[in-house]
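Report on one structure; see the data block that follows.
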Number of protein chains: 2
Amino acid sequence: MTKTIAVDTQASKDRLRLWLRVLKATRAVENEVRENLRREFSSTLPRFDVMAALTQHNDGLKMSGLSTVLKVSNGNVTGIVERLVEDGLVIREKVPGDRRASLVKMTAKGRAEFAKQAAAHEQWIDTMFAGVAAEQVVPIADALDAVARQLDDKDER
Amino acid sequence: MTKTIAVDTQASKDRLRLWLRVLKATRAVENEVRENLRREFSSTLPRFDVMAALTQHNDGLKMSGLSTVLKVSNGNVTGIVERLVEDGLVIREKVPGDRRASLVKMTAKGRAEFAKQAAAHEQWIDTMFAGVAAEQVVPIADALDAVARQLDDKDER
DNA sequence: GTATGAAACTTTAAGCTTGAAGTTTACTGG
DNA sequence: CCAGTAAACTTCAAGCTTAAAGTTTCATAC
C-alpha cells in the first residue's frame with residue numbers, strides 16, 4: 001500500500017490559495033446570478049438549474065434522474081419540482097409500468113420562460129467573465145474539468 | 001452613453017462554458033469538503049468559514065464585520081454564531097461604548113478545534129487539486145481574481 | 001433636551017439543503 | 001406464491017440563506 005504523508009510544500013500552499021480564489025469568484029458570480037434571477041424573473045438558482053437540466057433532456061427526467069444530474073439529494077428535488085409544478089412551468093407525468101416513478105417535463109410555458117432566462121443568463125456571464133483573456137478561457141476550463149472529473153470518478157467507486 | 005448590444009459570439013459561448021466548468025468543479029469540491037467536515041468533525045462549511053474569518057481577525061469581529069467579510073446577510077450570521085457559542089467555540093463580548101454591537105472572538109477551545117480542521121482542510125484541497133499542473137496554478141488564480149474583483153468593485157459602487 | 005435618522009442587530013417567513021427514516025411498488029430466488 | 005430486498009420516492013428534523021420588518025441604541029441637528 002502507498003502511504004500519503006502530509007507535507008506542507010509551496011505547491012500545497014499555492015493550491016490552497018487557488019481554491020480560495022476559485023471559491024471567492026464562484027460565490028461572487030453565483031450571488032450576482034441569484035440576485036439577477038430574483039430581481040428580473042422572481043426566480044431562484046435551484047429552479048433555474050432544474051429547468052436547465054430538463055431543457056437538455058427534452059424527453060423528460062425522473063425525479064431520481066434530476067437528483068443524479070444536479071447532484072443534490074432526492075428530497076431536495078421533491079420540493080423544487082413541487083413549486084415549479086405549482087407555477088405551471090413543469091409537469092409530472094406517470095411512467096407507464098412503474099407506479100413509483102414519475103417523469104418531469106417542461107411545459108410550453110416553462111420552455112418560453114426558460115428561454116428568456118437562459119438568454120439573460122448568458123449575457124450576465126459574458127459580462128462577468130469579460131475580464132478573462134480569451135486565450136486563457138479554454139485552458140482554465142480544462143484544468144478545472146480535471147478536478148471535477150477526479151471527484152466524480154471517486155464518487156462512482 | 002454606451003449601448004451594449006447582445007452578440008452571441010464564439011467568445012461568449014466559451015465564457016459560458018468556462019463558467020459551467022468552474023461551477024461544476026466548485027460544487028464538487030465544496031460537496032467533498034462539506035462531507036468531510038461532517039464526517040470527521042461533525043461540523044459544516046458555514047461554521048468553518050466563520051471560524052476561519054475569526055482566526056484571521058485575531059482581535060475579534062463584530063456581527064456586521066462577519067457578515068461583510070463573509071458576504072452573507074446579517075440574519076444569517078446571527079444563527080451560525082449562536083450555535084458556535086452554544087458549542088463553546090466562540091464567545092460574544094460586549095463592546096464598551098456601544099450597547100448595540102458585540103465582538104465575536106474565538107475561544108481557546110475554538111482555536112484548538114479549528115487548528116485541526118484547517119490542517120485537514122488543507123490536505124483535502126491539496127489532494128483534490130493535485131490534477132492541476134503546478135505552472136497553471138498561479139495564472140488561473142489570477143484570472144479568477146479579476147472576475148471576483150470586478151464584481152466586488154461593482155458592489156461597492 | 002428631543003426629534004429624527006442611521007446603525008447594529010434580531011426576528012420572521014419562505015425557500016434551499018442534507019441525511020435519515022418511512023412508504024409504496026417492483027423484482028428475485030426459492 | 002411469497003419472503004426478502006431493492007428501487008423510487010416523500011417526509012422529517014435540523015441547519016443554512018435571504019429579504020424584509022422590527023427593536024434597541026447611538027449620533028446629530030435643532
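Everything numeric in this text was worked out from a predicted model, so none of it was measured. Below, read A as the first sequence line, B as the second, and so on, with proteins coming before strands; counting in each chain starts at 1.
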Round to the nearest Å and state the distance from [X] atom [atom1] to [N] atom [atom2].
X: Leu103(B); N: dA8(C); atom1: CG; atom2: C1'; answer: 13 Å
X: Asn74(B); N: dT11(C); atom1: CG; atom2: P; answer: 13 Å
X: Leu70(A); N: dT18(C); atom1: CG; atom2: P; answer: 10 Å

Taking only residues at least two apart or on different chains, which pairs with a member in [range] satisfy salt bridge (Lys or Arg N to Asp or Glu O under 4.0 Å)?
range: residues 75-91 of chain B; answer: Arg47(B)-Asp87(B)
range: residues 134-147 of chain B; answer: Arg21(A)-Asp142(B), Arg21(A)-Asp145(B), Asp145(B)-Arg149(B)
range: residues 55-64 of chain A; answer: none

_Start and end of the DNA chain D segment that chain A contacts, any atom under 4.0 Å from a heavy atom_ =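 For DNA chain D, the relevant span reads dA7(D) to dA19(D).
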Would a 4.5 Å heavy-atom cut-off, applied to side chains only, mark [X] and [Y] as touching?
X: Val69(B); Y: His57(B); value: yes
X: Arg17(B); Y: Val137(A); value: no
X: Val50(A); Y: Val77(A); value: no
X: Val104(B); Y: Ile91(B); value: no

*Residues which pass side-chain contact (heavy atoms from CB on, under 4.5 Å) with Ala52(A), listed by chain and number, not counting sequence neighbours*: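 Testing Ala52(A) for side-chain contact (heavy atoms from CB on, under 4.5 Å), a comparison that skips the adjacent residues, returns Phe114(A).
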_Exercise: identify the closest heavy-atom pair between Ile140(A) and Ala143(B)_ =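 Closest heavy-atom pair between Ile140(A) and Ala143(B): CD1-CB, 3.6 Å.
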*Quick one: closest heavy-atom pair of Gly110(B) and Met51(B), and the distance?*
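Shortest heavy-atom contact: O-SD, 4.5 Å.
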_Quick test of your reading: applying side-chain hydrogen bond (donor to acceptor under 3.5 Å, both in side chains), list the pairs with at least one residue in residues 89-103 of chain A, sequence neighbours left out, ordered by first then second residue._
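Every pair satisfying side-chain hydrogen bond (donor to acceptor under 3.5 Å, both in side chains) with a residue in residues 89-103 of chain A: Arg92(A)-Ser102(A), Glu93(A)-Lys105(A), Asp98(A)-Arg100(A).
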*Would you mind classifying the nucleic acid contact of Arg38(A) as base, sugar-phosphate or nothing, using non-hydrogen atoms under 4.0 angstrom?*
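Here Arg38(A) touches the backbone only, sparing every base.
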*Determine the sole option in Arg39(B), Glu40(B), Arg38(B) for which the side-chain hydrogen bond (donor to acceptor under 3.5 Å, both in side chains) test with Asn36(B) is passed.*
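By the side-chain hydrogen bond (donor to acceptor under 3.5 Å, both in side chains) criterion, Asn36(B) pairs with just one of Arg39(B), Glu40(B), Arg38(B): Arg39(B).
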*asked:* My understanding is that only residues two or more places apart in sequence, or in another chain, count here; which of them pass side-chain hydrogen bond (donor to acceptor under 3.5 Å, both in side chains) with Lys13(A)?
replied: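 Asp8(A).
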_side-chain hydrogen bond (donor to acceptor under 3.5 Å, both in side chains) partners for Asn76(B), two or more places apart_ =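 If we apply the side-chain hydrogen bond (donor to acceptor under 3.5 Å, both in side chains) test to Asn76(B), skipping adjacent residues, there are no hits.
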*Exercise: do Ser12(B) and Glu122(A) side chains pair donor with acceptor under 3.5 Å*: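 Indeed, the side chains of Ser12(B) and Glu122(A) share at least one donor-acceptor pair under 3.5 Å.
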*Nearest nucleotide by nearest heavy atom, which residue falls closer to the 5' end of DNA chain D, Ser102(A) or Asn31(A)?*
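Nearer the 5' end of the strand: Ser102(A).
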_I need the residues from residues 75-99 of chain A with at least one non-hydrogen atom less than 4.0 Å from DNA chain C; give them sorted by number, or say none._
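Listed by number, they are Gly75(A), Asn76(A), Ile80(A), Arg83(A), Gly97(A), Asp98(A), Arg99(A).
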_For DNA chain C, the residues among residues 46-56 of chain B that have a non-hydrogen atom under 4.0 Å from it_ =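 Within residues 46-56 of chain B, no residue comes under 4.0 Å of DNA chain C.
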_Strand-adjacent residues in residues 60-68 of chain B, judged by heavy atoms under 4.0 Å from DNA chain D_ =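 Close to the strand, none.
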Under 3.5 Å between N/O atoms: give me all the protein pairs with nucleotides 1-7 of chain C, atom names plus distance.
residue: dA7(C); atom: N3; partner: Arg100(B); partner atom: NH1; Å: 2.8

